[in-house]
Amino acid sequence: MEKVGVVGRWPLMEKQLVGLIDTEGFLLSLGIVKDLTHDDIVVVTPDFNPQKLDMLRTGTLLLDEKMNEKSIF
């Protein structure tokens, strides 16, 4: 995929909840950050049309494998 913008609080963390947003600002899907590198962000999410993806909006929750949540703040 091409690069997309990331908006919200930094630093982005593994297991962080993110919103996948289209060019009109609508939520396409929710995802969970699985892996981070210097250049890439890997997000686990249900199927959606990646052609419509414009940006990731960071959330304030971390989710474990059982979907238990923990606030970042």
Side-chain angles (χ1 to χ4, degrees):
M1 279 178 61
E2 294 180 28
K3 294 189 183 266
V4 298
V6 179
V7 294
R9 294 188 180 258
W10 284 90
L12 195 58
M13 302 166 67
E14 288 184 18
K15 299 183 181 181
Q16 187 170 355
L17 184 67
V18 293
L20 290 83
I21 310 296
D22 70 10
T23 56
E24 297 179 18
F26 291 104
L27 179 68
L28 297 169
S29 185
L30 292 174
I32 300 171
V33 176
K34 181 178 179 181
D35 192 25
L36 294 165
T37 66
H38 180 69
D39 296 321
D40 297 314
I41 302 169
V42 177
V43 176
V44 177
T45 184
D47 287 337
F48 74 101
N49 183 351
Q51 298 295 327
K52 294 184 177 184
L53 181 61
D54 186 52
M55 73 177 102
L56 294 179
R57 180 172 299 276
T58 63
T60 59
L61 295 177
L62 299 178
L63 297 175
D64 66 17
E65 294 77 21
K66 295 182 181 180
M67 297 299 148
N68 295 311
E69 62 184 58
K70 177 182 175 185
S71 177
I72 295 173
F73 306 105

message = For Leu63, give me all partners under side chain to side chain contact (heavy atoms under 4.5 Å, CB included), at least two apart in sequence or on another chain.
response =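 Leu63 satisfies side chain to side chain contact (heavy atoms under 4.5 Å, CB included) with Leu17, Ile32, Met67, Glu69 only.
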Hydrophobic clusters here meaning ILVMFWY residues chained together by side-chain heavy-atom distances under 4.5 Å, can you tell me if [X] and [Y] are in one?
| X | Y | answer |
| --- | --- | --- |
| Val33 | Val42 | no |
| Leu53 | Ile21 | no |
| Val4 | Met13 | no |
| Leu30 | Val7 | yes |

To the nearest 0.5 Å, tell me how far [X] [atom1] sits from [Y] [atom2].
| X | Y | atom1 | atom2 | result |
| --- | --- | --- | --- | --- |
| Asn68 | Leu61 | CG | CG | 11.5 Å |
| Thr60 | Gln16 | OG1 | CD | 8.0 Å |
| Leu36 | Lys15 | CG | NZ | 12.5 Å |
| Leu20 | Met55 | CG | CE | 11.0 Å |
| Asn49 | Leu28 | CG | CG | 8.0 Å |

query = So, does Thr58 use its side chain to make a donor-acceptor pair with the main chain of Arg9 at under 3.5 Å?
reply =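 Yes: the side chain of Thr58 pairs with the backbone of Arg9.
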query = Looking at side-chain heavy atoms only, is the closest gap between Leu12 and Val18 below 4.5 Å?
reply =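 SC-SC contact between Leu12 and Val18 confirmed.
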key: Heavy-atom check, side chain of Lys52 versus side chain of Thr23, under 4.5 Å   =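 Result no, sub-4.5 Å side-chain heavy-atom pair not found.
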ask   = Counting only heavy atoms not in Asp39, do more than 12 fall under 6.0 Å of its CG?
value =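 More than 12 within 6.0 Å, yes.
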